[in-house]
Amino acid sequence: MAVASARLVESWVERFDPPAKCRRDVMSADATSFRSGRWELAIAASLSAVGFSVDPRFRLPDGKTPDLVVARDGLRTMVEIFVVGDDDRTRAEQALLRATTDRLLERVQLPPCTFVSMSAHKRLDEAFSEEALDQLGAALRPWLAGSGEAPFRFFGDFSVSATAMPGDPEPALSLTPAGAALDQTPRIRDRVRTKIERYAGSVTPDLRLTVAVCEGGWKITQGQMLTALYGSERLHRRWHVVGASCDGSGAAVVGGPNGAQGAEAFSGAWYMSAGLHDVDPPAVHVSASFAHSPYCSEPLPPGSLLPFPELPVHGDALGWSGERHDLVVR
């Protein structure tokens, strides 16, 4: 698999002839630099696969060089790219979770062919006491000995929820924090704001500005990106998040408390995540969507970025259009 991935990256370098920094990044032993370069090439390949021309060497009149400029059907946009990886606190919590899982498995016997997915109700800042884990283990044992069909909930010093499902012959337990506990929104918002402020002055009627937020860590979600763009929305997200209200604190909000200078020139953001790799021929499955900025003074026409799912404004709401599917990118 690693060999196939390397061959794929090499083919992208040959195909798109990226600038020296991207070449250095994909040759780097530093994981952060490598992910940055690989995503720059993966986005170029993804957009090329759906008919965009891609220029990774475009230079603006003021000398700035956006990561990519892409064009299709008369639409031309800068694409500034960044990868959201794990911060130091997240890495520390991952280590705590792994250690806690090992300590918990000393107290319970998982049934064969069972996968237990367990969520902590709050973030872990320190290791739990032996007594707290003893209490949890005592509550888990009868649940595991039964069918495990009903969800498990435990409220104590270490409060968790769990579900059991069929798994591999070797049983396993996964312990993660509650979905909202690892909120990367402020980090994403700061990165988006920096990108907007750097390039908003270069926007013209013929050259728009977008950013690509790439999933490069644990618990990085599209929902966090949307909150980073808009804040907790006044505009309602139909279907996906019902009844959310906007406080106007996002980077894309013109005049908002965290809005970027030049936010009115910002057209929106791609959210990109990578999945399975194919070996022969080498390929990667990429999922992409695009969130329009409802605050843009010259917004992109809805439907202009299909086949990617889009989140445009419909009246007083944001609603997804287009089906979500993976691109098989070679």
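All values below were derived from every heavy atom in this structure, side-chain atoms included, with hydrogens, water molecules and symmetry-related copies excluded.
We find that Arg91 and Asp88 are joined by a salt bridge, their nearest charged nitrogen and carboxylate oxygen being less than 4.0 Å apart. Classification of Arg89 and Asp87 as a salt-bridged pair fails, no side-chain N sitting under 4.0 Å from a carboxylate O. A salt bridge between Arg103 and Asp134 is absent, with no side-chain N of the basic residue lying under 4.0 Å from a carboxylate O of the acidic one.
Once rounded to the nearest 0.5 Å, the distance linking NE2 of His285 with NE2 of His277 reads 9.5 Å.
Of the residues listed (Thr227, Val213, Leu229), the one engaging Ile188 in a side chain to side chain contact (heavy atoms under 4.5 Å, CB included) is Val213, and it is the only one.
The neighbour count for Arg15 CZ, taken as heavy atoms of other residues, nucleotides or ligands under 6.0 Å away, is above 12. By the 6.0 Å contact criterion, CD on Glu14 is open, its count of non-hydrogen atoms from other residues, nucleotides or ligands being 12 or less.
Taking the six-membered ring where the residue is Trp, Phe128 and Phe158 present parallel rings, their angle staying beneath 30° rather than reaching 60°.
Between Thr163 and Trp143, the shortest heavy-atom contact is C-CH2, 3.9 Å.
In this structure, a donor-acceptor pair under 3.5 Å is absent between the side chains of Arg38 and Ser5.
Both Val50 and Val284 are assigned to one and the same hydrophobic cluster, defined by single-linkage of ILVMFWY side chains at heavy-atom distances under 4.5 Å.
Residue pairs meeting the side chain to side chain donor-acceptor pair (under 3.5 Å) criterion with at least one partner in residues 25-37, sequence neighbours excluded, are Lys21-Asp25, Asp30-Ser33.
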